[in-house]
Amino acid sequence: MRSLKRSATKIHLWFGLTIGLIGVYMAATGAWILFRPQADALVNPSYLTISSSCNTPMSLDTILTSAERSYSKAPVDSIWWQRDPNATVMVRYVDEQQSYFNPCDGKLLGFHSRWTGTFGFIEMLHRFRFLPAWFAEPMAGVFATVMALVMGGLGLFIWWPRRRSAWKPSLTIDNRLTGRARTRNRHSVVGAIASVGLLLIAGSGVALAFDAVETFLYTATLSEKIHKPETTKLAAGHTVALEAAWQNALTMMPAMPRSASLRLPTPKRASIEMYVYDEGNSNPEGRSYVYADAQTGKVAEYLPYAQTPRGQRLYSWFVAIHEGKVGGLPGQLLTFGTMLAILYLGYSGVRSYLQKRVAAAAPMRMRVAAIRNVACGVKAFDLEPIGRTRVKAFTAGAHVEVHVPGGPKRQYSLCNGPAQRESYTIAVQLDRSSRGGSKGMHALQVGQELLTSRPKNHFPIDPKTRHATLVGAGIGITPMLSMARHLLARGIPFELHYFGRNAAGMAFLDHLRLPEFDEHCHLHIGIGRQSIPGVLDRVLAQRPIAGHIYTCGPDAFMSVVEGAATGAGWPRDAVHRENFSPSAELLSGQREEIEVTLAKSGRTIVVAADQTVLAALNAADIGLSSSCEQGTCGDCALRVLSGDIDHRDSFLSDAERAQGDVMLCCVSRAKGRTLVLEV
């Protein structure tokens, strides 16, 4: 079962990114023409309706004569009649041209191709009628088959939870997830809900596209196709007795039908064939059949809908389902919703793929434009894009991941304000015990090229903030500086408190002493560690209306800030902290072997004591996305259905941890022996 589900996932992905995108095209065009029955009369009122009806409409013979005189390039194929006295009579020619006539006087009202206009052109695209007929329908059938079986059926199989407890969360959109996990959650929930409609719409489309499927319906229902009666071919020089045939047919019907299509004789069709749609028929596409002699108008056979073969009735239900005609307006709306869901699934499926493959594989090429010493042991780097004039836009608190030449990847906060788009500015403090990150950065030279990620933000300004208290220490001033610049631009009141042992080691003091920051910035220089809590108690003693705290610096310093805020009554969700390195306290503690069960497949994976849950899942070919792998960014968040989580991350809030249903699998584990994950 595990290998089957893994193979199914790969097939679903491959088809989704190829033929599935054609299915998205079919859903878009199908959604456009879905409401054509209601909208056509509004879009083309002069063609489809007349202002006043008449007691005695013109005979169909007169309409036919007018149609033949109006267009001589092709013979008439069929005449479409409606009981509605204000409806026009449509005539379709064998070359797909259409004309419309006033039933009261037989005058021509309009003329156009079947495949033009607001809906005709889109219908042509939907049915691939721009391709040869022998190729169009089979191709549409192939796409419908893929959508029904691979996208709908296989997708539902992949999603199907193996445990009862997994059903509710598997149908719940979780707004706390971020990145690819967020996209996959929405894709899974929308796909599960829309799968039934997709199976019905695409599955019925398969029946319409392939003659073999229609034949199978007759075989499965133990019925035979309608046998057309033999009638005499129209003799040369005689006109079609269309009106006589129609009147004879009406005498055999229990009530006046809703509409009818009368098909004229052709070299392959000797009789007049009438497809009659009876009023009150539960099947919107169910029709009765009338066959009449073309020369005399005598009815050779009348076959009411109830007496038609079961295979034919089943086929007509497929037509009604595919065209969204079952259930009236509610049925149309459900069909329309399914088509919109298919469009979203195409978007989210491609987005998820790109989030995993493209974004990670396409870092930005940057050049070191300038290097400045902004404090003792701290250098600022201006990184300008190569091949572009401006850098990617970002929000305050964002960071970029820098591929340090010859070293590891490291995350550095952006110091820019909103108007600074020519380059990114980051600051790096030299760490003598560094494994290569800060040392590699301090060895850079102006003009040197390197790679960075696109900006990411796990430390954004809360949109509800009406007053911000920024508290930074050491190199933690970098995101604070960006936030201060953004807050100034937005006109949001704020105060910035910057702590440092001495002025020489405090970065960007020259910027903070500019007039624009003068009334906002408070420098706390040379304060001993034991005195810092008292200063913070005074700074955070009162919370302004809708005030929020943003802090960045050493882990111990941020813990003191949080403690002072808690003691002063600040709500926990109003205190935000930035973490680029994991908390030593959180990462400490005994590690034991645990087991994680994947709810959707029932698979159990053993996580060794020296192994992370993320590593174990990826080793088992689960393919989760991740970024920092230190519990600071939230990219690897997973839903937990049961089990006690041993939270060791620096990302989730206390409230989120207390809920106990989300974990960062790169660092967190289980307090007990097992966890059940929504995977």
Side-chain angles (χ1 to χ4, degrees), residues 36-37 40-41 44 46-50 53-54 56-117 119-120 123 228 231 233-234 238-253 256-279 285 287-303 305:
R36 183 174 186 175
D40 236 344
N44 300 303
S46 61
Y47 286 0
L48 302 178
T49 59
I50 57 176
S53 60
C54 52
T56 307
M58 304 295 291
S59 71
L60 295 181
D61 290 339
T62 302
I63 299 293
L64 176 59
T65 301
S66 297
E68 291 173 337
R69 289 174 179 172
S70 301
Y71 186 73
S72 59
K73 293 183 179 180
V76 172
D77 175 75
S78 56
I79 292 182
W80 299 65
W81 171 92
Q82 295 185 66
R83 187 182 62 185
D84 183 355
N86 293 106
T88 61
V89 177
M90 186 186 77
V91 177
R92 181 172 293 166
Y93 302 87
V94 295
D95 62 354
E96 304 287 7
Q97 298 296 318
Q98 297 179 168
S99 58
Y100 301 85
F101 293 88
N102 188 322
C104 294
D105 55 19
K107 289 183 179 180
L108 177 67
L109 299 175
F111 188 93
H112 65 77
S113 169
R114 180 182 179 183
W115 308 119
T116 59
F119 299 103
E123 183 182 353
K228 300 179 182 180
T231 58
K233 286 188 176 182
L234 188 66
H238 285 73
T239 58
V240 179
L242 187 61
E243 179 67 20
W246 176 237
Q247 294 300 327
N248 289 335
L250 289 177
T251 61
M252 305 182 70
M253 300 176 195
M256 184 69 71
R258 182 179 76 251
S259 61
S261 170
L262 294 82
R263 300 170 183 264
L264 274 64
T266 66
K268 295 183 179 180
R269 186 167 61 211
S271 61
I272 299 173
E273 297 181 7
M274 307 179 198
Y275 301 158
V276 180
Y277 297 87
D278 300 314
E279 187 67 45
E285 282 297 312
R287 57 198 185 192
S288 302
Y289 293 84
V290 181
Y291 300 92
D293 187 278
Q295 189 163 309
T296 65
K298 182 179 179 180
V299 173
E301 183 177 356
Y302 167 55
L303 190 63
Y305 170 74

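Reckoned from all heavy atoms, side chains included, excluding hydrogens, waters and symmetry mates.
The distance from atom CD of Q82 to atom CE of M90, rounded to the nearest 0.5 Å, is 9.0 Å. How far CD of Q98 is from OG of S113: 7.5 Å, rounded to the nearest 0.5 Å. Residue Y275 holds its OH atom at 16.0 Å from OH of Y305, rounded to the nearest 0.5 Å. I79 contributes atom CD1, which lies 6.0 Å from atom CG of L264 (distance to the nearest 0.5 angstrom). Taking OH of Y100 as the reference point, atom CG of L108 lies at 11.0 Å (rounded to 0.5 Å). Between L303 atom CG and M274 atom CE the span is 14.0 Å, to the nearest 0.5 Å.
Of all heavy-atom pairs spanning P57 and C54, the tightest one is CA-SG, 3.8 Å. Summarising the geometry of L48 relative to A41, their closest heavy-atom pair is CD1-N, 3.7 Å, with the distance given to 0.1 Å. Residue A294 comes nearest to P265 through the heavy atom pair CB-CG, 3.4 Å, listed as atom of the first residue, atom of the second, then distance. Here the shortest heavy-atom pairing between N86 and S53 reads ND2-N, 3.7 Å. Summarising the geometry of A292 relative to S271, their closest heavy-atom pair is O-CB, 3.2 Å, with the distance given to 0.1 Å. Across I63 and G106, no two heavy atoms sit closer than the pair CD1-CA, 3.9 Å.
Between the side chain of T88 and the backbone N or O of Y47 there is at least one donor-acceptor pair closer than 3.5 Å.
By the side-chain hydrogen bond (donor to acceptor under 3.5 Å, both in side chains) test, S59 pairs with T62, sequence neighbours left out. Listed by chain and number, the residues in a side-chain hydrogen bond (donor to acceptor under 3.5 Å, both in side chains) with N248 amount to none (sequence neighbours excluded). Checked against side-chain contact (heavy atoms from CB on, under 4.5 Å), S46 has no partners two or more places apart in sequence or in another chain. Remark: S99 pairs with Y93 by the side-chain hydrogen bond (donor to acceptor under 3.5 Å, both in side chains) rule, at least two apart or across chains. Listed by chain and number, the residues in a side-chain contact (heavy atoms from CB on, under 4.5 Å) with A241 are A244 (sequence neighbours excluded). Checked against side-chain contact (heavy atoms from CB on, under 4.5 Å), A260 has the following partners two or more places apart in sequence or in another chain: W81, W246, L262, V276. Not counting sequence neighbours, the partners of S78 by the side-chain hydrogen bond (donor to acceptor under 3.5 Å, both in side chains) test are W80. Listed by chain and residue number, nothing satisfies the salt bridge (charged side-chain N to carboxylate O under 4.0 Å, His left out) test with D61 (two or more places apart in sequence, or in another chain). By the side-chain contact (heavy atoms from CB on, under 4.5 Å) test, T239 is found to be paired with no residue, residues two or more places apart in sequence or in another chain being considered.
Identified under the salt bridge (Lys or Arg N to Asp or Glu O under 4.0 Å) test for residues 85-107, with sequence neighbours left out: E96-R114, E96-R129. Listed by first and then second residue, the side chain to side chain donor-acceptor pair (under 3.5 Å) pairs involving residues 287-299 are Y277-R287, D278-S288, R287-Y289, Y289-Q312, D293-T296 (not counting sequence neighbours). Annotation: salt bridge (Lys or Arg N to Asp or Glu O under 4.0 Å) contacts involving residues 67-82, sequence neighbours excluded, comprise D77-R269.
Looking at heavy atoms from C-beta onward, M58 lies out of side-chain contact with P103 at the 4.5 angstrom threshold. Considering only heavy atoms from C-beta on, L109 comes within 4.5 Å of I50 through its side chain.
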### Query
Does the side chain to side chain contact (heavy atoms under 4.5 Å, CB included) test come out yes or no for V290 and M253, once each step is laid out?
CA-CA 10 Å; V290 181; M253 300 176 195; 4.1 Å; yes

